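Model, not experiment: these values are computed from the prediction.
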Amino acid sequence: MDGYLSEEQVCELIEKVRANDNAAWERLCENFDRYVHECCWKRLRKMDLSDAYKKDLAEDLYMAGWQGFVSAVRNYDPEKGKFLTYATWYIDGEISKELNLLFNPLGLTNRPKGTKAKGESIPVQKVSLEDYQGAKGGDLIRDSKLSVPEDVPVQEKYGAERRTLQLLEILKMLTDENTSITKEELMDKLRVYRIAKYDNGAPLESANTITSTLESILLELNPLEYNENNDKDYRVKYDGYQEDRLKQKLNKGNAGKAPAITGFSYVHTFSNSELDQLIQQISFSDMLSLEDKTKLIGKLVGTASVNYRTPFWNGEKLKFDPKAIHGRFSGRVLKDRALFAENIKVIQYAMNNLGQIRFMFNRYTDDKRMVPASEYIHTLSPYHLVVYHDNFYCIGLKAKDKRIWHYRVDLMSDVEIVKDEDGKMIPMEVSSFEGLPIFNAYWDPEKYMAEHLNMGFDEPQNIQMKIRNIDYTMIHDWFGDHYEKVREIIEKDDDGREVAYDIVQVRTSPAMIVHWAMQYGTKVEILNEEIRGRIKEELKKMTEMYS
């Protein structure tokens with residue numbers, strides 16, 4: 001590649017990145033930024049699309065290709081061959097997946113014209129990508145003409161019942177609250193659907209037949225008349241449904257020109273914003289296993305159209321490490337769910353694409369308002385989202401500080417992706433943090449949160465304490481399985497009876513353990529002399545305060 005780093009230089013940079021060299025990471029990103037763009041445009045130039053539409057697609061393809069590059073860096077082994085070849089396979093693979101989502105919304109695969117499919121267990125598209133160029137963008141769909149490949153047999157026509165179900169299926173897959181489809185577009189898609197799914201190249205029914213079927217669907221699934229209270233009862237909306245245009249047409253009969261019925265959109269069980277909320281709640285739940293989360297989110301996404309996108313799901317699996325989402329069940333009602341949900345989406349997007357964020361951090365006032373804690377704008381390389389005792393935290397490297405910080409997401413506002421002067425996302429900074437997203441296969445988030453009691457920032461220390469041997473539930477509630485029994489001791493109480501105690505060691509925040517121990521009073525005794533001194537000072541202050 002002219003103008004690019006050599007293979008030796010790239011491998012050297014990857015080794016430095018794995019040794020937490022941020023300058024090497026920035027240089028590696030800069031080197032491959034142009035190459036990822038070139039991979040995208042190499043595909044786009046082959047497609048018969050307008051220049052404006054190509055530019056719209058380029059950003060989506062670039063982000064997909066960039067994720068492929070990150071995967072290549074994460075998994076590369078020099079013994080597997082040249083990095084460029086290895087990375088190109090990942091980059092092109094992610095670009096292909098994104099193209100398939102954009103141009104193949106019926107869930108069909110692509111293959112050249114004139115080739116026969118042998119024993120496919122899934123539907124196979126027999127229309128080329130160039131012919132089927134209109135999955136996104138109504139003008140392109142209307143302008144494209146689908147041709148039947150030679151190997152598609154012509155079979156008998158479909159009955160009214162199957163035609164109705166086929167049209168409904170296409171409406172469910174391709175339309176939603178933000179995307180509608182004209183009758184002409186729907187007829188084009190119906191033809192592709194039948195060719196792909198049934199190898200049936202039979203001529204399409206007449207426009208009047210399709211119109212009659214669509215009108216029957218509207219009459220069956222929607223209220224008889226529109227009013228302000230029954231909008232939510234509509235299952236298939238169309239242009240002019242609030243004016244009861246269909247009713248006007250049916251009443252008009254053959255007298256004069258009837259109003260057009262077009263612009264159809266299926267009303268899904270959940271709106272896109274409701275899906276976002278549900279998926280976030282499932283993702284952050286500690287009540288579900290990874291398998292349960294994957295299954296539930298897959299089902300939820302399956303209720304939406306193919307246009308729905310969420311930063312938590314790539315179409316097959318969760319995009320983030322599910323183990324990093326851990327916390328206790330909470331019934332808390334957040335003051336501003338919309339702001340909180342948007343914060344989560346922006347942060348997750350930055351983490352998915354290894355970018356940086358900037359934001360304001362806030363506090364509450366005596367009149368229950370949230371206001372900026374200061375005018376300082378925080379910049380962070382977000383590594384993980386976790387849930388700790390009912391609060392969501394973003395863990396990341398703070399710019400110009402080089403320490404790992406924990407920010408409560410519900411106290412963040414004006415969260416945005418950090419971009420350079422050209423509008424490109426600025427790559428995150430790498431560090432020695434063991435949970436660095438590029439190489440975090442062995443990071444244990446539960447252990448990390450146990451070591452950072454109440455999400456404290458200070459360096460964890462080994463701390464020993466004495467507890468009754470029947471009080472381990474208290475330890476487990478806060479430290480999970482990350483504690484160690486050191487030894488047993490037997491002491492006598494005031495009545496001379498023997499009582500069994502255990503000496504237990506945890507590794508956690510020395511600052512936060514002070515108040516943690518105080519909340520449990522005599523149920524726990526810290527043995528580290530330095531921390532005992534801090535507790536004594538706090539107790540002295542409390543005694544003076546309450547005396």
Side-chain angles (χ1 to χ4, degrees), residues 20 286 323-324 326-328 383-384 386-391 393 395-398 401-408 431-436 442-547:
N20 307 310
D286 65 341
K323 293 185 298 181
H326 180 81
R328 296 190 305 177
Y383 291 162
H384 294 284
V386 298
V387 182
Y388 186 90
H389 287 235
D390 304 342
N391 285 315
Y393 288 85
I395 299 175
L397 183 72
K398 187 173 181 179
D401 189 299
K402 306 308 177 187
R403 286 185 296 169
I404 301 300
W405 283 60
H406 312 145
Y407 287 92
R408 267 181 55 180
S431 68
S432 59
F433 178 60
E434 62 182 358
L436 191 67
Y442 303 105
W443 186 58
D444 186 346
E446 294 184 13
K447 178 174 179 290
Y448 180 86
M449 286 185 279
E451 292 177 348
H452 294 81
L453 188 65
N454 286 326
M455 299 306 287
F457 292 101
D458 52 340
E459 187 66 22
Q461 293 181 13
N462 290 332
I463 298 171
Q464 292 191 358
M465 62 186 74
K466 184 177 76 172
I467 64 169
R468 291 275 301 271
N469 65 358
I470 59 173
D471 288 338
Y472 274 96
T473 301
M474 171 183 65
I475 302 297
H476 192 274
D477 284 347
W478 288 87
F479 302 100
D481 294 332
H482 303 287
Y483 59 86
E484 178 185 0
K485 177 181 175 180
V486 177
R487 66 179 185 277
E488 301 175 359
I489 56 175
I490 302 295
E491 295 183 356
K492 291 186 178 181
D493 62 13
D494 295 338
D495 297 326
R497 292 174 298 188
E498 291 187 345
V499 180
Y501 290 91
D502 284 349
I503 305 300
V504 179
Q505 179 170 289
V506 300
R507 183 170 181 80
T508 193
S509 162
M512 294 299 173
I513 199 71
V514 172
H515 293 94
W516 178 87
M518 291 174 66
Q519 74 175 324
Y520 283 106
T522 58
K523 289 180 68 68
V524 60
E525 180 184 359
I526 302 297
L527 302 181
N528 300 60
E529 287 299 324
E530 178 186 357
I531 297 174
R532 290 173 69 91
R534 296 188 195 179
I535 295 174
K536 290 177 183 178
E537 287 297 320
E538 286 294 314
L539 290 173
K540 181 179 179 182
K541 293 177 182 177
M542 289 182 67
T543 301
E544 293 173 354
M545 180 185 298
Y546 287 102
S547 63

- Message: Please determine whether ring-ring contact (aromatic ring centres under 6.0 Å, His included) holds for the pair Y520 and H515, giving the CA-CA distance in whole Å, both sets of side-chain angles, and the decisive distance to 0.1 Å.
- Response: CA-CA 9 Å; Y520 283 106; H515 293 94; over 10 Å; no
Is it the case that the side chain of [X] and the backbone of [Y] share a donor-acceptor pair, with hydrogens and angles ignored and the cut-off at 3.5 Å?
X	Y	value
R487	I503	no
R403	L397	no
H476	Y472	no
H482	K447	yes
T508	L453	yes
D444	E446	yes
D493	D495	yes
D458	S509	no
N528	Q464	yes

- Message: Walk me through whether V499 and K492 qualify under side chain to side chain contact (heavy atoms under 4.5 Å, CB included).
- Response: CA-CA 6 Å; V499 180; K492 291 186 178 181; over 6 Å; no
Inter-residue atom distance [X].[atom1] - [Y].[atom2], 0.5 Å rounding:
X	Y	atom1	atom2	answer
Q519	M474	CD	CE	9.5 Å
L527	Q505	CG	CD	10.5 Å
M545	L539	CE	CG	11.5 Å
N20	E434	CG	CD	11.0 Å
M455	Y388	CE	OH	8.0 Å
I404	H452	CD1	NE2	8.5 Å

- Task: Evaluate ring-ring contact (aromatic ring centres under 6.0 Å, His included) for Y407 paired with Y393, printing each intermediate quantity in order.
- Result: CA-CA 5 Å; Y407 287 92; Y393 288 85; 9.6 Å; no
- Message: Regarding R532 and E525, does a basic nitrogen lie under 4.0 Å from an acidic carboxylate oxygen?
- Response: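 Salt bridge flag = yes for E525 with R532.
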- Lys/Arg-Asp/Glu bridge criterion (N-O < 4.0 Å) met for D471, K523: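 Yes, D471 and K523 are salt-bridged.
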Between [X] and [Y], is any pair of side-chain heavy atoms under 4.5 Å apart?
X	Y	value
M465	V506	yes
W405	I395	no
I489	K466	yes

- Classify the angle between the aromatic ring planes of W516 and W478 as parallel (below 30°), tilted (30 to 60°) or perpendicular (above 60°).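 Judged by the thresholds at 30° and 60°, the geometry between W516 and W478 is perpendicular.
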- Mind running salt bridge (charged side-chain N to carboxylate O under 4.0 Å, His left out) on K541 and E537 for me, showing each step along the way? CA-CA 6 Å; K541 293 177 182 177; E537 287 297 320; 5.8 Å; no
- Task: Take atom CE of M518 as the centre, draw a 6.0 Å sphere, and report whether it contains more than 12 heavy atoms from other residues, nucleotides or ligands.
- Result: yes
